[in-house]
Amino acid sequence: MSPVNSDDPSGDAFGGAGRPLTRKEIRAQEKSQVTQGHDVIPPQAFETGEDTPPDADAGRGSAPDADAVSRPEPIAPADAPVLPPAAPTVHEEPLPAEPVYEKPMHEQPVHEEADRSPVHEEPAPEQPVHEDPVREEPRYEQPAHEYAGAAAREDTAPHYGDIPAGYDARRDADFHAVDPADEAEYGYNDADAADYPHEENGHAAMAGGAPIRTSKGPSKKVRRRRRFLALLLTLSVFVIAVAVGAQFLKPLLGADKLEDYPGPGTGEVVITVPEGAGPRSVAVQLQEKNVVANADTFLRDFLASGGALAPGEFSMRNEMKNSDAVDVLLNKGQDKVMYVALSAGLRIGESLQAISEGTGVPVAELQSLNESPAQFGVPAKAKNLEGFLAPGEYRFPLGTPAKEVLQKLVTTTLDELKAQGVTDPAKQYDVVTVASIVQAEGGQAEYGDVAGAIYNRLKPTNTETNGLIQSDATVTYGLGIKSFHIDEEQKADKSNPYNTYANQGLPVGPIGSPGKTAIDAAAKPKKNEYLYWVTINLDTKETLFSKTLAEHNVYVAKYNAWCEANPGRCV
């Protein structure tokens with residue numbers, strides 16, 4: 001066992017129980033030994049960094065070597081002036097112990113090799129203790145009032161600034177306390193203390209050095225506010241990104257497409273519904289002409305109404321509500337207007353009857369106007385308005401005169417002829433006549449092919465038919481009947497001016513009201529070599545074309561077979 005760690009035989013209370021003495025214990029032991037031979041020892045003699053000079057201790061009769069060896073030499077500033085020792089006062093009263101700013105010292109194991117001469121003290125010899133010079137922390141002192149020695153020492157002590165009010169040395173000591181376990185783990189010792197900053201009066205100071213200002217982090221309230229602002233900023237950026245992205249995605253997804261206009265609309269737009277047109281094609285036409293906003297939503301509303309389309313022309317507005325456009329097509333609100341609907345192929349008598357029912361004008365009044373066609377601007381060859389009353393759907397304000405109603409229908413036909421380049425009145429009359437035959441004979445056939453075959457028959461060079469059109473529809477019109485079947489006697493009757501079996505060339509006039517498609521086909525027929533055509537199925541309106549009579553007779557046989565299979569349909 002090392003002699004340094006042996007127990008004190010004198011039973012000293014500071015003898016280690018098998019462990020090295022701490023620095024505090026060593027100082028307490030020294031204080032106890034020194035006070036054995038003195039009545040009063042000023043507390044300042046035991047303060048760190050201001051040990052009593054040897055001369056003063058000698059004046060009191062104490063052992064000079066004991067204190068000098070037991071207490072380490074104070075380390076004074078390099079430039080501190082050396083002052084003469086203060087004379088001890090005769091009647092000194094002990095001052096209350098002031099808290100000393102003291103950094104807990106790490107206990108260093110005692111080395112057998114001593115830097116200084118070993119000191120032998122009674123009652124037991126002390127082994128040489130190797131101690132590193134202690135670098136004392138600067139301490140705060142209050143001015144001494146009661147004895148001159150304290151004042152003298154105060155003057156020689158280094159000053160580090162005024163002590164702030166409420167300064168608590170014990171709190172500071174706790175702040176700088178180092179746990180022994182941490183010392184062992186991280187290797188902290190007194191020699192390193194000078195390299196670590198400590199806090200003095202709100203500043204960080206290196207041990208033995210000038211104080212430096214410390215920068216404390218933001219408070220919890222500030223950090224919370226910063227986190228909240230960061231979260232709010234992130235959320236705002238996210239919302240903006242979503243909104244901007246949605247604007248780019250809308251055209252791709254069709255979300256930016258307007259579904260309906262608020263209505264009621266402005267201006268006037270004429271919508272033509274051809275015969276056989278479906279709701280979808282009409283819906284597309286309405287959107288293209290800016291009558292409705294969305295063809296799909298209009299079609300949905302139209303189908304939901306359960307109504308059916310009728311051919312004709314309809315006066316509408318720009319940017320109408322879907323429901324209003326549906327009402328116009330279905331003739332809703334007739335009580336507020338005069339409504340007229342004419343189908344393609346109607347004869348003059350049928351057309352006048354329909355006009356009378358829609359306007360309330362007597363048929364006799366309409367018939368009187370019909371017999372004076374020149375006042376409406378039709379060609380001079382026309383004996384009445386047959387063929388010039390354009391089919392379609394019309395609405396007139398209540399009280400509209402009958403002549404104005406008829407004029408509107410005639411003008412529609414004349415405008416279409418002019419649109420196809422037919423401006424000569426005589427030519428206009430012939431085109432309307434051919435168009436009326438095409439309308440009656442064509443059915444579901446291609447109107448251009450029917451018109452081309454009719455013009456082929458009218459050619460002077462044609463020796464196959466010798467200029468005869470041979471249309472059943474013309475014969476029945478002249479007879480004043482409607483039938484799909486005529487006999488040979490009826491075909492041979494030349495007294496019928498509309499009999500195209502017995503009379504060459506065109507009949508004396510139109511046989512009905514042709515629609516726009518038929519007028520266009522008659523004005524610009526397709527070029528072909530067909531001379532014959534026959535509808536072999538009256539339900540499907542299937543029509544077959546041929547260039548020779550032999551081929552045509554084969555198709556006629558098919559028509560007769562269909563009539564036998566469907567009794568009463570061909571009468």
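A distance of 10.5 Å separates CD1 of Ile536 from CH2 of Trp562, quoted to the nearest 0.5 Å. Taken to the nearest 0.5 Å, the NZ atom of Lys494 stands 9.5 Å off from the CG atom of Asn499. Between atom CG of residue Leu406 and atom NZ of residue Lys408 there is a gap of 13.0 Å, rounded to the nearest 0.5 Å. Here Ser436 contributes atom OG and Glu441 contributes atom CD; the two are 10.0 Å apart, rounded to the nearest 0.5 Å. One finds the CG atom of Asn560 at 8.0 Å from the SG atom of Cys570 (value rounded to the nearest 0.5 Å). With rounding to the nearest 0.5 angstrom, the OG1 atom of Thr474 is 7.5 Å from the CD1 atom of Ile486.
Under the 4.5 Å side-chain criterion, counting only non-hydrogen atoms from C-beta, Leu544 is not in contact with Tyr559. In this structure the side chain of Leu286 never reaches within 4.5 angstrom of the side chain of Met320, judged on heavy atoms. Taking the side chain as every heavy atom from C-beta outward, Glu319 and Thr266 never approach each other to under 4.5 Å. For the pair Gln428 and Lys418, the minimum side-chain heavy-atom distance is below 4.5 Å. When side chains are defined from C-beta on, Leu409 does not count as touching Thr413, because their heavy atoms never get closer than 4.5 Å. The closest side-chain heavy-atom distance from Arg347 to Tyr477 is below 4.5 Å. Lys527 is not listed as a side-chain neighbour of Asp449, based on a closest heavy-atom distance of 4.5 Å or more. Put simply, the side chain of Arg227 does not reach to within 4.5 Å of the side chain of Leu231, judged on heavy atoms.
In summary, Asp520 and Lys516 engage in a salt bridge, as defined by a charged side-chain N under 4.0 Å from a carboxylate O. Looking at Lys558 and Glu542, no side-chain N of the basic residue comes within less than 4.0 Å of a carboxylate O on the acidic one, giving no salt bridge.
Summarising the local packing, NZ of Lys289 is surrounded by more than 12 heavy atoms from other residues, nucleotides or ligands at distances under 6.0 Å. Lys491 NZ: more than 12 foreign heavy atoms inside a 6.0 Å radius. Other residues, nucleotides and ligands contribute at most 12 non-hydrogen atoms within 6.0 Å of the CZ atom of Arg317.
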Is there a side-chain contact (heavy atoms from CB on, under 4.5 Å) between Thr400 and Thr359 once you walk through the steps?
CA-CA 8 Å; Thr400 302; Thr359 62; over 6 Å; no

So Ile454 and Trp533, side-chain contact (heavy atoms from CB on, under 4.5 Å) or not? Walk me through it.
CA-CA 10 Å; Ile454 292 175; Trp533 69 92; 3.6 Å; yes

Test side-chain contact (heavy atoms from CB on, under 4.5 Å) on Ile355 and Leu342; report intermediate values, then the result.
CA-CA 8 Å; Ile355 294 171; Leu342 300 180; 4.2 Å; yes

Thr412 and Tyr394: side-chain contact (heavy atoms from CB on, under 4.5 Å), yes or no, with the steps?
CA-CA 11 Å; Thr412 301; Tyr394 302 91; 4.0 Å; yes

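Between Leu385 and Ile348, the shortest heavy-atom distance links the atoms C-CD1, 3.9 Å. The shortest non-hydrogen separation linking Asp260 to Lys321 is OD1-CA, 3.6 Å. A pairwise comparison of heavy atoms in Val475 and Thr500 identifies CG2-N, 4.2 Å as the closest pair. Nearest heavy atoms, Ala521 versus Ala451: O-CB, 3.5 Å. Here the shortest heavy-atom pairing between Ser546 and Tyr555 reads CB-CE1, 3.9 Å. Considering every non-hydrogen atom in both Leu346 and Ser351, the closest pair reads CB-OG, 3.6 Å.
With hydrogens and angles disregarded, a donor-acceptor distance shorter than 3.5 Å links the side chain of Asn456 to the backbone of Asn528. Checking side-chain atoms of Ser236 against main-chain N and O of Leu232 turns up a donor-acceptor pair under 3.5 Å. In this structure, the side chain of Asn503 engages the main chain of Asn496 through a donor-acceptor pair within 3.5 Å. No donor-acceptor distance shorter than 3.5 angstrom exists from the side chain of Ser368 to the backbone of Glu365, with no hydrogens or angles considered.
Between the side chains of Asn290 and Tyr261, at least one donor-acceptor pair of N or O atoms lies under 3.5 Å. With no hydrogens or angles considered, no side-chain donor-acceptor pair links Tyr501 and Asp493 at under 3.5 Å.
Under the 6.0 Å distance and 45° angle rule, Arg457 counts as a cation-pi partner of Tyr532.
Each of Glu386, Glu350, Gln439 was scored for a side-chain contact (heavy atoms from CB on, under 4.5 Å) with Ser513, with one residue passing: Glu386. Under the side-chain contact (heavy atoms from CB on, under 4.5 Å) rule, Pro279 has a single partner from Leu309, Val326, Leu329, which is Leu309.
Ring orientation note: the planes of Tyr429 and Phe388 are close to parallel, at an angle under 30° on the 30°/60° scale.
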